[in-house]
Amino acid sequence: AENFVSTGVRLGKKIPAYSCATGRILLSSFTDEMLSEYLRNCKPVQKTPKTVVDIDKLHEIIKQARIKKYATTDNELEVGARSLA
């Protein structure tokens, strides 16, 4: 098996909260009103073919993270990268 280490995400790099597991779990702590406002002002960027950019879908994903107490992403920020928070 070949090992792969991402070079695209480094300590201190700014990443949109909607596109990474840590950001989604942080957003899940927002009140419904705060989350709606964040998403209203959000302009999601399609980083990979799997990046979720639909506002309604993001809202549902973040609400599910609130219920489940964790969030995941799969190939949304970078191809080949998965995250869990």
Side-chain angles (χ1 to χ4, degrees):
E2 185 177 318
N3 291 335
F4 175 77
V5 176
S6 171
T7 58
V9 180
R10 297 199 180 278
L11 186 62
K13 181 174 175 127
K14 291 183 181 183
I15 299 172
Y18 65 84
S19 66
C20 64
T22 301
R24 288 177 180 176
I25 210 66
L26 290 170
L27 289 170
S28 76
S29 71
F30 282 18
T31 65
D32 287 337
E33 184 178 284
M34 290 168 55
L35 178 58
S36 292
E37 182 178 347
Y38 168 81
L39 291 172
R40 248 191 326 274
N41 295 315
C42 185
K43 305 231 183 310
V45 175
Q46 188 87 42
K47 292 285 194 176
T48 76
K50 289 196 167 188
T51 306
V52 177
V53 294
D54 179 84
I55 297 298
D56 291 333
K57 189 167 183 178
L58 284 169
H59 196 267
E60 185 57 34
I61 288 169
I62 294 164
K63 284 172 66 177
Q64 285 299 311
R66 184 186 296 159
I67 293 165
K68 294 187 296 189
K69 307 290 187 208
Y70 71 91
T72 62
T73 60
D74 184 12
N75 292 291
E76 291 188 53
L77 187 59
E78 180 179 312
V79 174
R82 290 183 176 152
S83 61
L84 168 70

Verify same cluster id: Leu77, Leu26 (apolar side-chain graph, 4.5 Å): no
Closest heavy-atom contact between Leu58 and Pro44? CD1-CG, 4.0 Å
Any idea which heavy atoms bring Leu84 and Tyr70 closest together, and the distance? CD1-CD1, 3.8 Å
Is it the case that atom NZ in Lys68 sees more than 12 heavy atoms from other parts of the structure closer than 6.0 Å? yes
For Thr73 and Ser19, work out which heavy atoms get closest and say how close. CG2-O, 3.7 Å
Would you compute the distance between atom OG1 of Thr72 and atom CD1 of Ile61 and round it to the nearest 0.5 angstrom? 8.5 Å
Nearest 0.5 Å, what's the SG-CG distance between Cys20 and Leu27? 8.5 Å
Residues Leu35 and Ile62: closest non-hydrogen pair is CD2-CG2, 3.7 Å
State, to 0.1 Å, how close Ala65 and Ala71 come at their nearest heavy-atom pair, and which atoms those are. CB-CB, 3.9 Å
For a side chain to side chain contact (heavy atoms under 4.5 Å, CB included) check, start with the C-alpha distance between Arg66 and Asp32, then their side-chain angles and the critical distance, and finish with the verdict. CA-CA 11 Å; Arg66 184 186 296 159; Asp32 287 337; 2.7 Å; yes
Indicate yes or no for a side-chain donor-acceptor contact from Tyr18 to the backbone of Val45 under 3.5 Å, with no hydrogens or angles considered. yes
Using a 4.5 Å cut-off on heavy atoms from C-beta on, say whether the side chain of Ile15 contacts that of Glu78. no
Do Ile25 and Phe30 share a hydrophobic cluster (ILVMFWY, side-chain heavy atoms under 4.5 Å, transitive)? no
For Glu76 versus Arg24, what's the shortest heavy-atom pair and its separation? OE1-NH2, 2.5 Å
Is there a side-chain contact between Glu33 and Glu37 in this structure, where contact means two heavy atoms from C-beta onward sitting under 4.5 Å apart? no
